[in-house]
Each structure stands twice: as C-alpha cells, then as structure tokens.
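We name chains A, B, ... by the order of the sequence lines, and we start the count at 1 in each one.
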Amino acid sequence: MKLTLRVWRQRTPEAEGAMATYEVDGISADMSFLEMLDTLNEELILAGDDPVAFDHDCREGICGACSLVINGEAHGPERTTTCQLHMRSFRDGDTIDIEPWRAAAFPVVRDLVVDRSAFDRVIQAGGYVSVPTGAAPEAHATPVPKADADFAFEHAECIGCGACVAACPNGSAMLFTSAKVNHLNVLPQGAPERESRVLDMVEAMDAEGFGGCTNTGECAVACPKGIPLPSIAAMNREYLRATMRGR
Amino acid sequence: MSDSNGHKEAMDSAGFPPYTDYALGAPVTDAKAPDGPIAERWDRRRFEAKLVNPANRRKHTVIVVGTGLAGGAAGATLAEQGYHVVQFCYQDSPRRAHSIAAQGGINAAKNYRNDGDSIHRLFYDTVKGGDFRARESNVHRLAQVSVEIIDQCVAQGVPFAREYGGLLDTRSFGGVQVSRTFYARGQTGQQLLLGAYQALSRQIGAGNVELHPRTEMLDLLVVAGRARGIVARDLVTGRIDTYFADAVVLASGGYGNVFYLSTNAMNSNATAVWRAHRRGAYFANPCFTQIHPTCIPRTGDHQSKLTLMSESLRNDGRIWVPKAKGDTRPAAEIPEDERDYYLERIYPAFGNLVPRDIASRAAKNVCDEGRGVGPGGQGVYLDFADAIARMGRAAVEEKYGNLFDMYERITAENPYEVPMRIYPAVHYTMGGLWVDYDLQTTVPGLFAIGEANFSDHGANRLGASALMQGLADGYFVLPSTINDYLARNPHRADEEGVNAEHPAVQEAVADTEDRLNLLLAVDGDRTPDSFHRELGEIMWEYCGMARTDAGLRKALELIPRLREEFWRRIKVPGTGEEFNQSLEKANRIVDYFELAELMCLDALHRAESCGGHFREESQTPDGEAARQDEAFSYAAAWEFTGTGAAPVLHKEDLVFEYVHPTQRSYA
Ligand SMILES: Cc1cc2nc3c(=O)[nH]c(=O)nc-3n(C[C@H](O)[C@H](O)[C@H](O)COP(=O)(O)OP(=O)(O)OC[C@H]3O[C@@H](n4cnc5c(N)ncnc54)[C@H](O)[C@@H]3O)c2cc1C
Ligand code: FES
C-alpha cells in the first residue's frame, strides 16, 4: 500500500517542532507499524535526511518502550502497543498522523521520543517492598490467597509505557501509580509499608507535574495491558485509609 | 598503535586477509573453584573470601553496566551492602531491559511437589542438558542458590502463579521430569525484572545508586592491568564521558543479535562485552548459540525481529509438513496420508517433545528439502486440530489462549482453524566472557554476570534456567565474590592516579571518538541496517543450525569482505553531538563484525557436535550430534590480538567428577 505520513519532527527538547509529510510506498499488510517506520527511515537516510527518532526495543509488547500517538490515539486504533500494531489495520491511500506522547511530565527528547523518567521517580518514592537480598523468609511461609495473588498480578502487568498519561486530557498518572500501589498493597509482603507507599507515591506523582484525575476513563481505554479503571478508586481508598491512620 | 587504527586500516582497500587459523596459548589451569566435596564448595569459597569492612564500603565505587535481571539484582544488592553503585542502561528506564520479555518461567530446586527434585538433580540436569561443556562447580552453586531466589522474589512481591491453597504453583518445562519451574502466567521475566527494578529503585531513591539511563558503554578503562571504569556516551546529548570505579561489572546480556533476526530486543548488543574482550578479557565458547524451534516465521525482507512462541505449545500441537516437495495447497486440503509428522516419525519415543536443538534442525532439514510451508517455504505446521478434537476447543483455549491471540495478532491467521506456522530462530547465547568461579574475567576487577558470561549452561541452556542464572549471579554470587576482590585491592581508582588525564584513559576516549567520527565521515551509500542484515544472513547460513568446515571457511572469507565494504560505504546521517539512533546502530555493527568472525572460528575449530553446536561432520549414523570428549572436553577461551588478526586459544579442561558424560539419545 501507499500511505501519507504526517510525522512530528523536533530536533531537540528546546527546538520548535512541526509536522512533516512523507509518502511511503510498497508497505505490506504484514508489516508492523514500526517496520513501516523502519522503511521510511531507510529511505530518509539514503536521501540524506535525518531518520525519524522513536523509542522501541522488544517489539513484543512487553518492554513498554514504544510510544506513539497514531491518528490522535495512544498506540493507535487497536488495544495493543504500537509495536504490535500491524499495517493491516490501515488501508491503501490512508493519511496517518504520528506524534509523540504529549504530557507536561513527559518532555520531548527528539521527534517521537519523550522523557518518561518521571515514572521511575514515582516508583523510587515507594513502589517496592523493603527487603534486602538475603533477608527473605522461606517462600511458603506466607501463603497468599489465590484471589489476592491474581489481583496483584493483574496490576503488576503494567509495562510503564505511559499511554495512560498520553491519553488523559489532564496528563494524569493515576492509572500508572495505582497499578503499582494495588499490586503491592494487596500482598502480605507489601503490608508493612502499605500507608507510606501510597502517600509517598502520590506525593511524588504530584511533584512530577502530572495532572489531576477527573474520571474521564481515557487512561484505561488506552492501556495496552488492560489495567482496569477501578484501580484508581482502589488507590483512592488506600490513600484515604493512609491519611486517616497516619504513617 | 591504538586500537582505532585497526578501523582506519580497515578502510584501506587491502582490508584484512581472512584468517582461519589461531595460535594455541597456555591452558587456563586455575578457575579458582575450591576443591572438596562439591556441595561444600560455595560455603568454603564464601568463608575463605576476604570481607570489606562495612564502614569502608561507602568509599568504594562499583560500576554495573546493565539493568536486566543480572544487573538489576547486582546493583540493588551491592548498594544494600553499602557500596556506591554507578549503573548504566541504554534504555530510557532500567525496567525495560531485555529480561522483561522472558515468558516461560524460572527453575528452582525447591521440591515443593515432592516429586524427587533436589539440588543435586537440578545440577545433574543442567550439566547433562549443557552436553557436558560447563564447569561442574559453577553449575552446582547455581542449583544451590536457586532456592534462595524464589524466597527473595516472593518477599519482593513478585506475583508468581499460586494454587487455591495459596501456595506457589509450578510446572514442568523443557523436557525435564520434575515440576520445578515457577512462573507468572506468560510474563515471568517481566515480573522478576520488575522485582529487581523495584529493589534497585529503592536504592536509587535512597541515593545509593547513581543511575545513567540512555547511556551506552563504549569502552572499558583498564589502567595498570585493572578494570577502572568505562567510557560511555550519553545517547541524548551525544556527550562522551568517563566514569571511574574500583571494580566494573558487565551485565549487558547476550549477543544473539549478531544474526540480525533473533528473539532478542532490537537494541540488545555485544558492544560492552566485545570492547572488554578487546581490552583483555577472554571470550569463551562464542559459537555456542541456542536456536529456538517455535518462533513465528518471517514474512518478508522488512522483518525486523522474530517473536518466540512458548515451547509449551509442543505439548499438544503436532508438527508436520507435506510429504511432497513444493506442495502449495492450503493445509486443510492436504489429506492425512500426504502429511509427514516428521518428528513423530524420526523420534517415535519423544515425538514432538524432542529437545530444542533437535526440533530446530529437523525443521531446517525438511525446509531445505523444499517441503517447507508459508512464504518462502521457511516454515512448518504446528497443528492443534487433533488437540481440539481430543480436549475440546475450550480446554485448548484455557491452556494456550494468550499464545493463540498473540499469534493471530501478528499473522492474522486463526490458529484454531488453520495450523500455526513456526520456524526456528536465534534465541540465546551460551558463550560469553570467560569468568572464573568468582565471575571475574581475565581482566582483574572486571566481572561478568548473566547472559554476558559463559559460565553455567555449557553448549546448551535448559528452558527456564537463564532467569535463574541471571538472578543467582546478581543477588547472591557476585555480591559475595566481589568483596574478596575489593578487600584484596583496597586502593581506590583515585588513590592510584586514575583520572581523566591518565594516558590510558585519554587513549580510550580518543579511540572511541575516532571510531564514531569515522563512522560519520564515510558518508557512503548503504544504511547500517543493510549491513547488519547481510551479516546476519551470512551467520544464519553458515554459523546457524548446522555448520560445516567448508561453510565456516566461506563465512570467514565473506565477513572481512563485508566489513571492508562497510567502512567504504556506510552512511550515518547527523552528528555525534545529538540523539542519533543510526550512529548507535552503526557502532554496534562494528563490533558484530569482529565477534561474528570469532564465532565462526570457534565453530570451525570445534570439529565436534555438542548441544547447540552441530557440525555436520560429527554426527551419529542416525543423524544425532556426536560429541568428541577426548578432543574437545574443554571451554575455549579466546584472547584478542587485533582486528582481523588470528586470536590465541586458551583451553580450560573440563573435569567431570560427579556427572559422567554420556551420549544423548532421543531415537
Ligand atoms: C523472548 C525470550 C524469552 C525468554 N524466555 C525465557 C524463560 O522463559 N526462562 C528463562 O530462564 N530465560 C528466558 N529467556 C532468556 C533470558 O530472558 C535472558 O537470558 C536473560 O533475561 C538475560 O538477562 P541479563 O540480565 O543477562 O541481560 P538483559 O536482560 O539482556 O539486560 C542487558 C542490560 O544491559 C544493558 N546494556 C547492554 N549493553 C549496554 C551498553 N553497551 N551500555 C549500557 N548498557 C548496556 C541493557 O540496557 C540492559 O539493561 C528468554 C529470552 C527471550 C529473548
Ligand atoms: S517495543 Fe517493547 S512494548 Fe513495544
């Protein structure tokens, strides 16, 4: 197929960006979206232009590196990561807009690459269990009810891609933060730090400049891993509980 | 002559003459493994190791390159012990290391099933699975430590699969007879990595680990015979900096991407280990690579990577190709008696469950005969029709639903209705930097852990054992053994005059800058990817699933020619002082060329078949890999002597006191 791509180009974090238009031809339906961009980049290099910068690594939908807004939707039209989107989702002659995540807390690094280190700092604030290596008790000493283990897993599936933030009109990181809080807070291993974890992570989240949550639900729609929207309400309950109890 | 002159010379039209020869150096006689009963060796080593006074640890800086299972675990643990850790990864976040993609599970000799498992059995299975090309002492320690890993991960909140009673579930994996594989649905690597990442994050938050994401190590600093730091490039600004330390740990993963197409992450690379090799660290068994039989076949030249489908599919799927060559009918129109269920035919006892290498080679053989299916005839069917008829669709969906969905997303074919197509792909590299029992390389103060080293899997890795090894090295082994080195070498880098002005440091920085500038200056007419793809094709053809003397010699002729062309025709746009992904790629390819040559030489010199290394000249009458223990029961540790120059081979003889070598048979 033949496509028209309108791609966000921005050389440096400080530079002004703009959309640039490119034509690509010979795109097969079996290509992944990123392989389509590879094709464009090969042509750009040979033409003496700078290829389009974008983040990617595993191309299997698990590392969370890929991060494109495609035709206005985080990760594009299907509920998956950009790297798992295939060109068969598009038609010959389509015009496709490709932009980076847009959020105050995710400044653009170059073209389609953004800085998501704010997520790491939210985790550093409390998204862990304080258990130094070697200090662990025998694994079977504490059984975990299967329902709790499954609940924890469902939230632990988050890949930290940031689609939730990109999709949110407020640039809020509530879904990301709640996924980690819920994963650890439901487990007996996470219980001793239950209050401090949620208070510290929410504080860090606010300090990074993520917006507030107004319950639009866009985050959960964009999430390629299906982190459920009620996750946010569950975190709010944890937060309330923690403020009432104090640390 | 500085190393970079090697690249300048490479640009001369003369290039380098191909080499197929090597010099034999002194054998490696001391791998530092303690003697005595094998079960007591690790305790003994830990007892004999010197310790660093906790109060002094803060003064020592340790560099850790990599944040995968091995690096993430090591960085967190060293920081907990009180060391000052400076850590690097090329991704934007440590949480994205390639370990995240592991699906199947992690082995541990917990014997929760009471099914006869034990540390000794895991040790035995691993030595045997590695086709008797690993060091017994290391493997035994791995099996011992495995039980602590599960405890540690559970305490961190890793959500392993559980049963209704609340206890951990396990499954059997990779053809072993006990159920010792712990898992978290199909995302075990992700969950284990997030556990390590969170432990690391805690230390970053506490100021004990200084993290440099999007920063790539481009050289190792060796001063007065010791590893003293690294040269690294900030991938956002392009700035090249030096970082100094009292010990350096490489946890940079495997080198499967030499083949261009593999199941590795796109940016996984060999630069850290290769640059360390050029600075004196021996590289061991580079030809030991693992090819996984169940991957989704490529669809065309645009293919950028290959996706693994869990091996568990072979438990219920039946593998077949048409009996006739060039049969292009859709699978459904090929009658039963015109199908060849070749694994069931050749290996009636094991059928579709033969080990990875055998299944892979058999698929290649039928495709080479012209009986492959799908685009380009590079595929075989993995058919669930019988399983659906036997178990019912719901049961198949329950067991494999997520894999079927993944397959359908990528291929747009519904595996409930048409058989899956699969083909083997490069998956894992058993070779890596040579390390002793302490995981120290031949450069004092340089350690290698995880897939970056060669230590535990011999010539073939068992399923679910890489995660175990990465975490064993990172949480338990390295943090213990590195103490001994630092206690015996207490002088810090700065106390020994290691700084940016030191001539060895300046030489390494200039070398890196020269290399990058040269890549930018050629301004040729071929892209980095085009060279990488061509190198990969050579490697896949001649150093892939089946290797021959003639083929390897051919590859050793083609690779230097391609390298020479690379330095004439490479085109890297942009500058070095900016975010430049083409420059990153091109620079990694420079190292792939040299590593590829060493892999081929290693494969050529090892005229036996063993594990993942199959030499057509060395097979049993029924086509199985024939090991030649008398001639080749050693680890091959290669010493670098210069680009395009014949390396020196140092042999470490392998002694088997506990598991006696036998020939595998699956017929
Ligand atoms: C698809 C797939 C499935 C798998 N499934 C399983 C399984 O089920 N069970 C199992 O046991 N094993 C499995 N494996 C193997 C296993 O995942 C890997 O061997 C293991 O995770 C490697 O871990 P590591 O820590 O050594 O390296 P990696 O996880 O590869 O990490 C490498 C790190 O080094 C960094 N790095 C590399 N080079 C540089 C540089 N020059 N400068 C700075 N940083 C650098 C990277 O940024 C990264 O942080 C699988 C592998 C694949 C590909
Ligand atoms: S590249 Fe890893 S999730 Fe898309």
Which region of [X], side chain (C-beta onward) or backbone (N, CA, C, O), has a non-hydrogen atom less than 4.5 Å from a non-hydrogen atom of chain A, or is it both or neither?
{"X": "B/T299", "result": "side chain"}
{"X": "B/Q190", "result": "side chain"}
{"X": "B/S99", "result": "neither"}
{"X": "B/T237", "result": "neither"}
{"X": "B/D92", "result": "both"}
{"X": "B/S582", "result": "side chain"}
{"X": "B/L168", "result": "both"}
{"X": "B/H302", "result": "both"}
{"X": "B/L306", "result": "backbone"}
{"X": "B/E148", "result": "neither"}
{"X": "B/E584", "result": "neither"}
{"X": "B/E163", "result": "backbone"}

Do the two ring centres, one from [X] and one from [Y], sit under 6.0 Å apart?
{"X": "A/H56", "Y": "A/F54", "value": "yes"}
{"X": "B/F160", "Y": "A/F153", "value": "no"}
{"X": "A/F119", "Y": "A/F106", "value": "yes"}
{"X": "A/H140", "Y": "B/Y112", "value": "yes"}

Which atoms of [X] are under 4.5 Å from chain B, going by heavy atoms: the side chain, the backbone, both sets, or neither?
{"X": "A/L187", "answer": "side chain"}
{"X": "A/V131", "answer": "both"}
{"X": "A/E157", "answer": "both"}
{"X": "A/V122", "answer": "neither"}
{"X": "A/D49", "answer": "backbone"}
{"X": "A/R110", "answer": "side chain"}
{"X": "A/L34", "answer": "neither"}
{"X": "A/V113", "answer": "side chain"}
{"X": "A/R121", "answer": "neither"}
{"X": "A/A29", "answer": "neither"}

Exercise. Under 4.0 Å between a Lys/Arg side-chain N and an Asp/Glu carboxylate O for A/K2 and A/E23?
Worked result: no
Note: A/D50-A/R9 ion pair, threshold 4.0 Å (strictly below):
no
Exercise. Does B/R214 count as lying over the ring of B/Y90, i.e. NZ or CZ under 6.0 Å from the six-ring centre, within 45 degrees of the axis?
Worked result: no
Of the listed A/D38, A/I123, A/T142, the one with the largest count of heavy-atom pairs under 4.5 Å with chain B is A/I123
Name the one of B/D529, B/D525, B/D523 that satisfies salt bridge (Lys or Arg N to Asp or Glu O under 4.0 Å) with B/K571?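 Answer to the salt bridge (Lys or Arg N to Asp or Glu O under 4.0 Å) test with B/K571 among B/D529, B/D525, B/D523: B/D523.
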Against chain B, residues from residues 61-69 of chain A with at least one heavy atom under 4.5 Å, in numeric order, are A/I62, A/C63, A/G64, A/A65
